[in-house]
Protein chains: 2
Amino acid sequence: MAGIKDVAAHAGVSVATVSRVLNGHSGVRADTRTRVLSAVDELRYRPNTLARSLRTDQTRTLGLVISDVLNPFFTELARAVEDAARSRGYSVIIGNADEQLTLQDHHVRTLLDRRIDGLLVSPADGDSLALREAAASGIPMVFVDRWVDGLVRQGVPVVRADGRAAVRELVAHLYRLGLRRLAIITGPVASTTSNERVHAFRSALREYGLPLPEAYIGQGDFQTASGRRAASDFFSLPEPPEAVFATDNLMALGVMEQLRVMGLRVPGDVALAAFDDIPWFLHTDPPITAIAQPTQELGHRAVAALTDLMEWGHPRSPSGGTPLPTDSGGWSAGSVTLSAHLIARRSCGEDERIRR
Amino acid sequence: MAGIKDVAAHAGVSVATVSRVLNGHSGVRADTRTRVLSAVDELRYRPNTLARSLRTDQTRTLGLVISDVLNPFFTELARAVEDAARSRGYSVIIGNADEQLTLQDHHVRTLLDRRIDGLLVSPADGDSLALREAAASGIPMVFVDRWVDGLVRQGVPVVRADGRAAVRELVAHLYRLGLRRLAIITGPVASTTSNERVHAFRSALREYGLPLPEAYIGQGDFQTASGRRAASDFFSLPEPPEAVFATDNLMALGVMEQLRVMGLRVPGDVALAAFDDIPWFLHTDPPITAIAQPTQELGHRAVAALTDLMEWGHPRSPSGGTPLPTDSGGWSAGSVTLSAHLIARRSCGEDERIRR
DNA sequence: TGGTCGCATGGAAACGATTACATCGACATG
DNA sequence: CATGTCGATGTAATCGTTTCCATGCGACCA
């Protein structure tokens, strides 16, 4: 494969000149420039990015570690991230953690070894050594959707949607439909988003004077199988819940699978709602009530936050965003909080206020 | 960040020795080895993969270019590919072509520029210059799911599932249910898989003495919106079809969206079937009849074929697989053809033979 | 005419690893 | 004792770029 030397020889100039042309530096006579350029495409020359990165110490690459590629929410996020990155001249390498800490850490390390310029991560549950090391190494890093408390306190920005208001809305919706025994399926124990959702759920229930017995808290892990298990547990209870709220869409899928084998109907036998809206929810039997996040915007904002961090060494002052005033307290500078909203469908029963 | 020199200094040896230890070469005394190793983790040293790759001319990285990340079939494929690659010590960089030739070519070039060791691609429609150049450059390359005829003739292996038998089965199924006016929504015009599916569909119809009028061939592009358009066209026909076969799952989604706005019911007003089975098809209203591919195995076989190519410079003789004898003729050595099968559900109407 | 300046260009030192080859001491052999 | 072998280690070239600095040259000015 042709190298810069070959181009230089072919154009009758030095490698320095070729490099200058390629990088658009000024101070190259127009005719030499064209001579170089034509040598470049006669030889089909493509610069070796490895060598380039080695020398310049930047790869123009972002790393994105997501928790689960099979989750449509994350693929949509990944796509938005890639779009935003590409438009800024960066490429993205995706690592799929599959909700496993060890796999996540593997990817974080691999990405750092590749000398990516910045890291976007939606961390899996648990205390990640690799993530702590990454933060300590000083690489620009931004959390998206989920985060790790300790690191946020050390200044890592978070780009996320606050689902609390929407969860409260959901509980109101269920209550209005006459449902009283409400259950929830959580994500992994230390998952920040899951905790936020559970907490919002619990306090909304309290507002309505409803209890949240332990048995109505299904321990899930954001993956399909755990939704099945939780549903199966719920319905072997002497008094099963009247409504189930799955804190992500895959667990909602699991619930449906389990209900199907148990011969139970939604919403007749039980109401169902999920966090994260996906296109299929419109066409399931019945269409599923869900809380939608502004996924694309999350992706774009995350890339913006990260590139700011990379270019300025610190987040840009007004972050361009509209952080909710209420909680700007706890977050690192550069953080962005958007909001999620409820989309009521038939899976919780009929409601005169349902539009679609 | 610490380099190999720092480690050498810290351990009181030369960089060569450090390198030997790190690469597990023999001929290093046990005590020097331990001295080096402890220097390594005292300094938290991680080798710079850029420098390493530059020198060794291999990156232990595979590129995977898929047509659409939002398509669950491809994310499942990507996941299988990543698993297989990781277990062989490779990492994978995914490029999402979003069904656009220019985007696909962008990714192919970017991957090549990164000096990946091998390329797995499920090409988008059309004649791709970048792909031709890649093949010409001699990089190990394998097509998965879709392919480009010209390059296959030049020896690029293809790992795929043959859907023709399943399509025939589908037509039989529809016929048995009394359906006669059958329509199809194709992928992009030059898409190999789409063509295969359309062709199989057409010849099955002929077998049953059914016509396939032009108006019953909806031109799609494997994305949701085109499914909507095609459905809308079909149902503005004086005599709309009784059944629609979408050649991928996203277009089936589009059809459902359109039917919903038009107030038509499946299977009452029209039957629906799709290529590619996904978990949600079990829970849609009604559950959708689909042709399932052995997605995971496709991914694993593709990686196996590619690594064979990389390690041997040519495909391993018996390819480990079970190529269908019928068509082993046209395919390059190393190709693998698995088979797809029909999963009948209620979206085409009741059939006494339906199991689930 | 001679000095200065600026512009276009070239030479060569990095970047951080791998690896062919040289070196060096210990030991065995004749 | 001279020589050869072997095992452990070091030296330095190399991969393909970017970039600092030097150089040559024409123009300009005094």
Side-chain angles (χ1 to χ4, degrees), chain A residues 1-40 43-61 89 109-110 112-117 137 139, chain B residues 1-37 39-40 43-61 89 109-117 137 139:
Chain A
M1 180 161 282
I4 197 174
K5 277 190 218 158
D6 306 300
V7 177
H10 199 266
V13 297
S14 73
V15 294
T17 302
V18 176
S19 175
R20 276 187 283 258
V21 171
L22 260 34
N23 295 293
H25 290 187
S26 60
V28 178
R29 245 180 21 226
D31 61 317
T32 28
R33 174 184 308 278
T34 56
R35 208 140 34 87
V36 168
L37 255 20
S38 56
V40 162
L43 299 181
R44 299 202 176 306
Y45 167 73
R46 307 236 73 199
N48 185 325
T49 56
L50 297 172
R52 195 208 290 272
S53 297
L54 176 61
R55 184 58 232 256
T56 60
D57 200 42
Q58 58 153 328
T59 50
R60 295 209 70 82
T61 300
R109 294 211 171 86
T110 308
L112 294 185
D113 285 351
R114 283 177 184 280
R115 299 305 197 263
I116 51 168
D117 294 336
S137 83
I139 188 177
Chain B
M1 179 158 282
I4 197 173
K5 276 191 220 160
D6 306 300
V7 176
H10 197 267
V13 298
S14 74
V15 294
T17 301
V18 176
S19 175
R20 277 187 281 257
V21 171
L22 261 34
N23 296 98
H25 290 187
S26 60
V28 179
R29 249 188 8 232
D31 61 317
T32 27
R33 175 185 306 278
T34 56
R35 208 140 35 88
V36 168
L37 254 21
V40 161
L43 299 181
R44 299 201 176 305
Y45 168 73
R46 307 235 73 197
N48 185 326
T49 55
L50 297 171
R52 194 210 290 274
S53 297
L54 177 60
R55 183 58 231 256
T56 60
D57 202 40
Q58 59 153 327
T59 51
R60 295 209 69 80
T61 300
R109 294 209 172 87
T110 309
L111 289 169
L112 258 31
D113 285 351
R114 284 179 184 280
R115 299 307 198 261
I116 52 168
D117 294 336
S137 83
I139 188 178

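Within every chain, numbering begins at 1; the chains are lettered A, B, ... in the order of the sequence lines, protein sequences first and strands thereafter.
Counting heavy atoms from C-beta outward, B:Thr17 and B:Arg20 have side chains that approach closer than 4.5 Å. Taking 4.5 Å as the limit, every side-chain heavy atom of B:Leu22 sits out of range of all side-chain heavy atoms of B:Ser19. Using a 4.5 Å cut-off on side-chain heavy atoms (C-beta onward), B:Leu112 and A:Arg46 make no contact. At a threshold of 4.5 Å between non-hydrogen side-chain atoms, the residues A:Val21 and A:Thr32 do not count as touching.
Sorted pairs that involve residues 48-57 of chain B and meet side chain to side chain donor-acceptor pair (under 3.5 Å), not counting sequence neighbours, are lacking altogether.
Counting only N and O atoms by type, the side chains of A:Ser137 and B:Arg44 include no donor and acceptor under 3.5 Å apart.
Here D:dC21 presents its C1' atom at 16 Å from NE2 of A:His25, a figure rounded to the nearest Å. Residue A:Gln58 contributes atom CD, which lies 11 Å from atom P of D:dT18 at whole-angstrom precision.
Across all strands, B:Asn23 comes closer than 4.0 Å only to sugar-phosphate atoms, never to a base (heavy-atom distances).
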Using the 3.5 Å cut-off, write out each protein N or O paired with an N or O of nucleotides 7-11 of chain C and the distance between them.
residue : atom : partner : partner atom : Å
C:dT9   : OP1  : A:Thr32 : OG1          : 3.2
C:dT9   : OP2  : A:Arg29 : N            : 3.0
C:dT9   : OP2  : A:Thr32 : OG1          : 3.0
C:dG10  : OP2  : A:Ser14 : N            : 2.7
C:dG10  : OP2  : A:Ser14 : OG           : 3.1
C:dG10  : OP2  : A:Thr17 : OG1          : 2.8
C:dG10  : N7   : A:Arg20 : NH2          : 3.0
C:dG10  : O6   : A:Arg20 : NH1          : 3.4

Hey, what are the protein-to-nucleotides 13-16 of chain D N/O distances that come in under 3.5 Å?
residue : atom : partner : partner atom : Å
D:dT14  : O2   : B:Arg55 : NH1          : 2.9

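For A:Asp117, the side chain to side chain donor-acceptor pair (under 3.5 Å) test picks out A:Thr59, with sequence neighbours left out. The salt bridge (Lys or Arg N to Asp or Glu O under 4.0 Å) check on A:Arg33 picks up nothing, with sequence neighbours excluded.
Side-chain atoms of A:Arg35 come within 3.5 Å of backbone atoms of A:Ala11 as a donor-acceptor pair (strictly under, hydrogens ignored). A:Arg60 places a side-chain N or O within donor-acceptor distance of the main-chain N or O of A:Gly89, the cut-off being under 3.5 Å.
Comparing the helix axis at one end of the helix from C:dT1-D:dA30 to C:dG30-D:dC1 with that at the other, each defined from 5 consecutive pairs, gives an inter-axis angle of 70° (nearest 10°).
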